[in-house]
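Computed from a prediction, not measured in an experiment: that's the story for all the values here.
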Amino acid sequence: MKFSIGGSLKLAFRPWVEGLENIPAEGPAILASNHLSFSDSFFLPAVLDRKVTFIAKAEYFTSPGVKGKLTAAFFKGVGQLPVDRSGARGAGEAAIKAGIEVIEKGGLFGIYPEGTRSPDGRLYRGKPGGLARVALATGAPVIPVAMIDTEKIQPPGKVVPKLMRPGIRIGKPLDFSRYHGMEGDRFILRSVTDEVMYEIMKLSGQEYVDIYATAAKRQIADAEKAAKEAVKEEIAAREESGA
């Protein structure tokens, strides 16, 4: 996949990279990145010599039919692990377990602390579960990563990407060994996550919003729904008045 898809991506989009020397040549590390586009999980591994393992929703691996099998084969080929999102804490616990397994094997584990793609290009509050707990349980260094302009290449809902150069900034590794064994302390988890998000903000130059991206998406959806209802009410009022 690196030689086929990765090579094609680099040739077509010519991504620029800063801080590549911060990726260890061997040994485990956690790559914590902002999340602007579906393509983030492809551009980052494409510019690295080492394999990066991300997590992906289990539906990508279990869809029926020929299309489903091709999708499953693709995601397996690019090194993504299926995560069952069922249950109140299913996704979080599965992500933590998957991350620890990758780290224990000496690999690079990629994670998006925001938990979902940014709805508007801004950087949102990191979720304190997966990233911090994997880091504290394993002692692996956390490397902040900033994806630049990938949302312009492939906005949500767009299938065909726009040809332009994305950027990737890789920060220096962060050591949280001082908190080892404290992964059960929610205040420590919050502190670790916030420190990582601050470094990502500095690398990306994004405006930071201190709410979760999922909440922002709900607000945007509610606003759009309210706007549509207002338009319907206005049209209905005009029809009643004969305007």
Check: Members other than L11 in its cluster, when Ile, Leu, Val, Met, Phe, Trp, Tyr link by side-chain heavy atoms under 4.5 Å?
Finding: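 Grouped by the 4.5 Å side-chain rule, L11 forms a cluster of one, so the answer is none.
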Check: Can you list the other members of the hydrophobic cluster that holds I235, where links are side-chain heavy atoms under 4.5 angstrom apart?
Finding: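 Traced through the cluster, I235 reaches V231.
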In this structure, would [X] and [Y] fall into the same cluster of hydrophobic residues linked by side-chain contacts under 4.5 Å?
{"X": "Y212", "Y": "L123", "result": "no"}
{"X": "V134", "Y": "F187", "result": "no"}
{"X": "L9", "Y": "M164", "result": "yes"}
{"X": "I200", "Y": "I148", "result": "no"}

Enter the distance from [X]:[atom1] to [Y]:[atom2] here, rounded to the nearest 0.5 Å.
{"X": "L36", "Y": "T150", "atom1": "CG", "atom2": "OG1", "value": "4.0 Å"}
{"X": "I111", "Y": "K127", "atom1": "CD1", "atom2": "NZ", "value": "11.0 Å"}
{"X": "S204", "Y": "M197", "atom1": "OG", "atom2": "CE", "value": "8.5 Å"}
{"X": "M147", "Y": "N34", "atom1": "CE", "atom2": "CG", "value": "7.5 Å"}
{"X": "I143", "Y": "I30", "atom1": "CD1", "atom2": "CD1", "value": "9.5 Å"}
{"X": "K152", "Y": "S37", "atom1": "NZ", "atom2": "OG", "value": "12.5 Å"}

Note to self: Pair R125, I211 - check side-chain contact (heavy atoms from CB on, under 4.5 Å), show working.
What the structure shows: CA-CA 5 Å; R125 195 181 195 201; I211 62 172; 5.7 Å; no
For [Y], is there any backbone N or O sitting under 3.5 Å from a side-chain donor or acceptor partner on [X]?
{"X": "E114", "Y": "Y124", "answer": "yes"}
{"X": "R218", "Y": "A213", "answer": "no"}
{"X": "H35", "Y": "Y112", "answer": "no"}
{"X": "D185", "Y": "M182", "answer": "no"}
{"X": "K217", "Y": "R117", "answer": "yes"}
{"X": "E183", "Y": "L189", "answer": "no"}
{"X": "D149", "Y": "P166", "answer": "no"}

Next item on the list: Could you give me the CA-CA distance, side-chain angles and deciding distance for L174 and E199, then say whether side-chain contact (heavy atoms from CB on, under 4.5 Å) is met?
Entry: CA-CA 9 Å; L174 303 174; E199 294 300 321; 3.9 Å; yes
Looking only at heavy atoms, which two atoms of [X] and [Y] are closest? And how far apart?
{"X": "Q206", "Y": "G121", "result": "NE2-O, 2.9 Å"}
{"X": "I103", "Y": "A29", "result": "CD1-O, 3.5 Å"}
{"X": "P113", "Y": "S33", "result": "CD-O, 3.2 Å"}
{"X": "A135", "Y": "V142", "result": "CB-CG2, 3.7 Å"}
{"X": "L203", "Y": "G171", "result": "CD1-N, 3.6 Å"}

Check: For E26, does the CD atom have more than 12 heavy-atom neighbours from other residues, nucleotides or ligands under 6.0 Å away?
Finding: no
Margin query: Can you confirm whether more than 12 heavy atoms, excluding those of Y208, are under 6.0 Å from its OH atom?
Written below: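 For Y208, atom OH is crowded (more than 12 foreign heavy atoms under 6.0 Å).
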Check: Who are the side-chain hydrogen bond (donor to acceptor under 3.5 Å, both in side chains) partners of T193, not counting sequence neighbours?
Finding: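 In terms of side-chain hydrogen bond (donor to acceptor under 3.5 Å, both in side chains), with neighbours along the sequence ignored, T193 is linked to no residue.
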Next item on the list: Dump the intermediate steps for side-chain contact (heavy atoms from CB on, under 4.5 Å) on E104 and I100, then the final yes or no.
Entry: CA-CA 6 Å; E104 288 179 342; I100 291 174; 3.5 Å; yes
Taking side chain as C-beta onward, heavy atoms only, is [X] less than 4.5 Å from [Y]?
{"X": "W16", "Y": "I168", "answer": "no"}
{"X": "L31", "Y": "N22", "answer": "no"}
{"X": "F54", "Y": "L44", "answer": "yes"}

Item checked: Listed once per pair and sorted, the side-chain hydrogen bond (donor to acceptor under 3.5 Å, both in side chains) pairs that draw on residues 219-229, sequence neighbours left out -> none
Notebook entry, point to check: Which pairs with one or both residues in residues 170-179 pass side-chain hydrogen bond (donor to acceptor under 3.5 Å, both in side chains), sequence neighbours excluded?
Noted result: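 Every pair satisfying side-chain hydrogen bond (donor to acceptor under 3.5 Å, both in side chains) with a residue in residues 170-179: D175-S177, R178-E195.
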Next item on the list: Please collect all salt bridge (Lys or Arg N to Asp or Glu O under 4.0 Å) contacts where either partner lies in residues 160-169, sequence neighbours excluded, each pair once.
Entry: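 Counting only pairs at least two positions apart or across chains, the salt bridge (Lys or Arg N to Asp or Glu O under 4.0 Å) contacts touching residues 160-169 are E18-R169.
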Margin query: Run the side-chain contact (heavy atoms from CB on, under 4.5 Å) test on I23 and L108 for me, step by step, so that the C-alpha distance in whole Å, both residues' side-chain angles and the decisive distance to 0.1 Å come before the verdict.
Written below: CA-CA 9 Å; I23 302 293; L108 297 178; 4.1 Å; yes
Note to self: Tell me if the centroids of the rings in F43 and F13 come within less than 6.0 Å of each other.
What the structure shows: yes
